[in-house]
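Throughout, numbering of the chain's residues begins at 1 and tracks the sequence.
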Amino acid sequence: MATMIQIYFDGLCEPKNPGGIPVYAFIVSDSDSGTVLGQEAGLAGEPWSKDATHNLAEYTAAITAVKWVRKRVQTKELLIYGDSELVINQLNKVYKVKSQRIRPLFTELIGLLEAISWKAIWIPREKNYDADKLANEFYRNYCVTREGKIMPTMRETGAIY
């Protein structure tokens, strides 16, 4: 049994939000040794749909990561790191969950965290580099495979900073 497990999660919706390609990613590691136990990236929803959003991708990343841990690792404590202020602050009850689209995701995540001691910690994007990189690599590979080209991200086009 691992004493403490760390999750780093990230999500994106590119090349536009909403309505782009929603991608989730996470990395799970043993907090004591730093050993990476697993990582995953994938689609967080239907690409190009009106429901494809950055927030969906972020929540899907956190949910999928916690499911991964519950299935594969016994732990006493879980540290959840993310650069999504929305997800982290909603988990910590700093923000209320107002969106009808987000409420079921929040409820699912809180349910998965029952019976586990956990902390949700916001980190700046630079500290979430590996999960961010994993999400962006999946996005680029998806674009090449499914769209035939890499579409620039909103950050690359200057739409966001």
Are I80 and K119 close enough, and set up right, to give a side-chain contact (heavy atoms from CB on, under 4.5 Å), and what steps lead you there? CA-CA 6 Å; I80 304 166; K119 277 190 203 175; over 6 Å; no
Decide whether Q6 and S29 meet the rule of one side-chain donor and one side-chain acceptor closer than 3.5 Å. yes
Determine whether a donor-acceptor pair (N or O, by modelled atom type, separation under 3.5 Å) exists between the side chain of D83 and the backbone of D10. no
Taking atom types as modelled, find out whether Q90 and Y59 have a side-chain donor-acceptor pair closer than 3.5 angstrom. yes
When rounded to the nearest 0.5 Å, the distance separating CD of E14 from SG of C143 is 9.0 Å
Could you name each residue pair satisfying side chain to side chain donor-acceptor pair (under 3.5 Å) that touches residues 69-81, not counting sequence neighbours? none
Examine Y8 and W118 and state if one hydrophobic cluster contains both, with Ile, Leu, Val, Met, Phe, Trp and Tyr joined whenever side-chain heavy atoms are less than 4.5 Å apart. no
Please tabulate, for the side chains in residues 39-46, all donor-acceptor contacts under 3.5 angstrom to protein atoms that are two or more places apart in sequence or on a different chain.
unit_1 : atom_1 : unit_2 : atom_2 : d
E40    : OE2    : Y24    : OH     : 2.5

Start with the C-alpha distance between K67 and E108, add both sets of side-chain angles, then the distance that settles salt bridge (Lys or Arg N to Asp or Glu O under 4.0 Å), and finish with yes or no. CA-CA 10 Å; K67 284 180 177 178; E108 180 178 4; 3.0 Å; yes
Listed by chain and number, what are the side chain to side chain donor-acceptor pair (under 3.5 Å) partners of Y129, not counting sequence neighbours? none
For the backbone of D132 and the side chain of N136, can you confirm whether one donor and one acceptor N or O come within less than 3.5 Å of each other? yes
Spell out, as yes or no, whether a donor-acceptor pair under 3.5 Å connects the side chain of N17 to the backbone of C13. no
Are any side-chain N or O atoms of T64 and backbone N or O atoms of A61, one a donor and one an acceptor, separated by less than 3.5 Å? no
Check: T153 main-chain N/O paired with E156 side-chain donor or acceptor under 3.5 Å: yes
With clusters defined by side-chain heavy atoms of hydrophobic residues (ILVMFWY) lying less than 4.5 Å apart, directly or transitively, does L79 cluster with I116? no
Just so I know, are the side chains of I63 and F9 near enough to count as touching, which here means a heavy-atom distance under 4.5 Å? no
I'd like to know if the side chain of D30 reaches the main chain of S33, judged simply by a donor and an acceptor atom lying under 3.5 Å from each other, with no hydrogens or angles considered. yes
May I ask you to decide if P22's main-chain N or O and Y139's side chain share a donor-acceptor pair within less than 3.5 Å? no
Return the CZ to CD distance between R140 and E147, rounded to the nearest 0.5 Å. 14.5 Å
